[in-house]
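Whatever order the structure lists them in is the order used to number ligands and atoms, beginning at 1.
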Amino acid sequence: MPVITEIEDLRRIYRRRVPKMFYDYAESGSWTEQTFRENSSDFDEIRLRQRIAVDMAGRTTASQLVGQDVAMPVALAPVGLLGMQSADGEIKAARAAEKFGVPFTLSTMSICSIEDVASHTSKPFWFQVYTLKDDDFMKRLFDRAKEAKCSALVITVDLQIMGQRHKDLKNGLSAPPKLTPASIANLATKVPWGLEMLQTKRRFFGNIVGHAKGVKDPSSLGSWTAEAFDPSLDWARIKQFRDWWDGPVILKGILDEEDAKQAIKVGADAIVVSNHGGRQLDGALSSIRMLPRIMDAVGDKIEVHLDSGIRSGQDILKALALGAKGTMVGRAFVYGLGAMGQEGVKKSLEVLHKELDTTMALCGERDVKNLGRHNLLLPEDFETRWR
Ligand SMILES: Cc1cc2nc3c(=O)[nH]c(=O)nc-3n(C[C@H](O)[C@H](O)[C@H](O)COP(=O)(O)O)c2cc1C
């Protein structure tokens with residue numbers, strides 16, 4: 001068993017274990033990948049203020065997200081195709097999250113269905129929807145999530161159309177995959193992954209196949225996905241989705257203060273400041289750099305979460321100190337899942353927690369809720385370099 005001390009260790013194991021097409025699917029951004037890279041490198045521009053001789057005993061990272069108790073203010077972000085990173089991946093990640101005491105968010109584009117994840121877990125998870133055209137399908141999806149006792153709905157609002165990711169096109173990663181000779185040759189080298197996959201029946205989009213109109217089998221998925229997304233989405237439509245759900249609603253994919261104000265108007269309970277992990281608009285600023293202006297605009301009126309680029313507990317601390325109430329991690333837990341299944345997701349959460357807790361102590365804080373700008377040192381133009 002290798003010694004794992006940081007998220008990067010898990011990424012390296014993940015890369016060796018999982019077929020290239022699925023590794024590339026996660027480890028990529030759109031177009032030039034500038035936003036994908038800056039999501040992480042911008043965290044490095046923020047420095048921490050060391051304090052000493054402060055009582056550090058009895059620290060806590062416990063907090064609340066949309067009114068729910070969490071062991072630390074981190075949720076697992078919705079990530080499609082987890083069941084391709086590791087057999088039954090959604091169930092494994094949900095179980096690890098539940099044991100750790102943080103929310104797991106199931107993506108619409110998951111391999112395991114809502115019902116399947118619910119029957120293999122004992123605590124409520126969050127459910128993520130895309131803003132699709134088909135009202136009947138959407139309403140049924142909401143009903144299914146309610147029946148499965150999902151405790152919050154995450155509506156992703158930054159994917160009306162898809163940002164182009166070169167690697168996916170080159171690898172033939174589509175629904176269903178178009179295997180190239182290179183990807184077949186690569187798949188053949190991933191024996192432990194392949195053996196696990198052969199033992200599960202869950203290999204297609206479980207929330208869609210057999211549920212969406214005309215998608216009776218995986219071969220019709222391609223035409224469905226091409227048609228399903230709604231390029232004409234507007235705020236009235238988002239409000240309609242909000243009103244269909246009678247629990248907490250989190251709008252994910254807000255990167256501009258004007259959109260954050262609109263989110264309040266449609267009655268969202270929280271927003272996630274996010275650029276989809278750099279997978280949509282390449283050239284957009286990183287989430288962490290956009291956070292301060294969004295906090296200034298709406299921070300006292302709505303719960304603000306942040307994702308995109310978090311790879312350590314220190315990154316989490318920086319987001320919280322800039323005012324976010326919560327964070328989501330995507331790739332940081334996908335690496336763990338691909339590397340070591342449920343154990344790997346647990347390991348990711350442990351690494352993040354330890355880094356957050358120790359950094360908090362060295363900054364002279366005992367309670368994650370007391371973090372603030374006083375813990376940070378920012379370059380003078382951090383918020384104003386791009387106007
Ligand atoms: C492989 C992959 C698949 C994703 N699938 C979804 C999805 O189905 N729904 C969604 O709302 N966001 C999706 N996202 C975006 C994540 O929810 C999240 O915003 C992003 O991963 C955060 O950036 P990070 O990976 O740098 O933490 C996906 C991200 C990745 C990396």
Side-chain angles (χ1 to χ4, degrees), residues 7-8 10-11 14 18-19 21-30 33 35-43 74-86 89-90 93 103-112 114 126-132 141 152-160 162-163 165 167-168 171 173 175 205-208 225 228-229 241 250-255 271-281 284 286-288 290-291 305-313 315-316 319 324 326-338 345 348-349 352:
I7 295 296
E8 178 60 12
L10 291 166
R11 189 192 64 76
Y14 164 51
V18 171
M21 72 191 304
F22 298 119
Y23 174 83
D24 281 353
Y25 167 61
E27 198 56 9
S28 59
S30 54
E33 303 192 333
T35 301
F36 168 57
R37 287 189 300 277
E38 288 181 358
N39 273 339
S40 292
S41 62
D42 278 355
F43 276 105
V74 177
L76 300 194
V79 171
L81 294 178
L82 286 181
M84 287 290 131
Q85 306 291 0
S86 177
E90 288 85 5
F104 167 74
T105 315
L106 183 71
S107 162
T108 306
M109 306 307 273
S110 57
I111 302 292
C112 305
I114 312 173
W126 294 355
F127 185 62
Q128 174 262 331
V129 289
Y130 278 118
T131 48
L132 307 179
L141 213 49
L153 186 77
V154 176
I155 307 177
T156 299
V157 288
D158 61 1
L159 203 141
Q160 276 162 269
M162 271 220 341
R165 301 156 204 161
K167 288 177 197 149
D168 289 351
N171 290 331
L173 190 97
F205 292 104
N207 291 326
I208 296 166
T225 23
F229 287 80
F241 290 137
I250 304 168
L251 289 192
K252 171 174 173 288
I254 304 279
L255 201 66
I271 57 171
V272 186
V273 176
S274 169
N275 53 38
H276 216 98
R279 298 164 76 78
Q280 286 296 94
L281 180 63
S286 66
S287 298
I288 194 67
M290 292 304 289
L291 180 63
H305 303 183
L306 173 135
D307 79 13
S308 298
I310 293 175
R311 300 288 182 276
S312 71
D315 295 342
I316 293 168
T327 58
M328 279 188 163
V329 294
R331 295 176 183 89
F333 90 84
V334 174
Y335 301 160
L337 179 70
V345 179
S348 307
L349 290 168
L352 294 173

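- Of all protein heavy atoms, the one closest to atom 12 (N) of ligand 1 is Lys252 NZ, 3.0 Å.
- Considering only non-hydrogen protein atoms, atom 18 (C) of ligand 1 sits nearest to Asp307 OD2, 3.2 Å.
- Residue Ile288 holds its CD1 atom at 12.0 Å from OG of Ser41, rounded to the nearest 0.5 Å.
- Under the 4.5 Å side-chain criterion, counting only non-hydrogen atoms from C-beta, Met21 is not in contact with Lys167.
- Interface of Gly80 with ligand 1, defined as ligand atoms under 4.0 Å from a residue heavy atom, comprises 3 (C), 4 (C), 5 (N), 6 (C), 7 (C), 8 (O).
- Thr108 and Asn207 share no side-chain donor-acceptor pair at under 3.5 Å.
- What sits closest to atom 9 (N) of ligand 1 on the protein, heavy atoms only, is Tyr130 OH, 2.8 Å.
- Proximity to Gly309 (heavy-atom distance under 4.0 Å) selects the following atoms of ligand 1: 23 (O), 24 (P), 26 (O), 27 (O).
- Close contacts between ligand 1 and Tyr25 involve ligand atoms 1 (C), 3 (C) [criterion: under 4.0 Å to a heavy atom].
- Closest non-hydrogen pair, Asp158 versus Asn275, comes out as OD2-C, 4.0 Å.
- Nearest protein neighbour of atom 11 (O) of ligand 1, counting heavy atoms only, is Thr156 OG1, 2.7 Å.
- For atom 6 (C) of ligand 1, the nearest non-hydrogen atom from the set Ser286, Ala75, Pro78 belongs to Pro78.
- Ring orientation note: the planes of Phe104 and Phe333 are nearly perpendicular, at an angle over 60° on the 30°/60° scale.
- Listed by atom number, the atoms of ligand 1 under 4.0 Å from Ser274 heavy atoms are 19 (O).
- Those atoms of ligand 1 that come under 4.0 Å of a heavy atom in Ala26, given as number and element, are 1 (C), 31 (C).
- Between atom 21 (O) of ligand 1 and the options Gly330, Ala332, Ser110, the minimum heavy-atom separation is to Gly330.
- Among protein heavy atoms, atom 31 (C) of ligand 1 sits closest to Arg279 NH1, 3.5 Å.
- Relative to the ring axis of Tyr25, Arg279 places its NZ or CZ within 45° and under 6.0 Å from the centre.
- With distances taken over non-hydrogen atoms, the option nearest atom 15 (C) of ligand 1 out of His276, Arg311, Glu27 is His276.
- If you take CG on Leu281 and CG on Leu255, they are separated by 8.5 Å, rounding to the nearest 0.5 Å.
- The backbone and the side chain of Arg331 each have at least one atom closer than 4.0 Å to an atom of ligand 1 (non-hydrogen atoms only).
- The shortest N or O to N or O distance between Ser107 and ligand 1 is under 3.5 Å.
- At the top of the distance list for atom 23 (O) of ligand 1, counting protein heavy atoms only, stands Ser308 CA, 3.2 Å.
- The closest side-chain heavy-atom distance from Glu27 to Arg331 is below 4.5 Å.
- Rounding to the nearest 0.5 Å places CD1 of Ile155 at 13.5 Å from CD1 of Ile271.
- Not a single donor-acceptor pair under 3.5 Å links the side chain of Thr156 to the backbone N or O of Tyr130.
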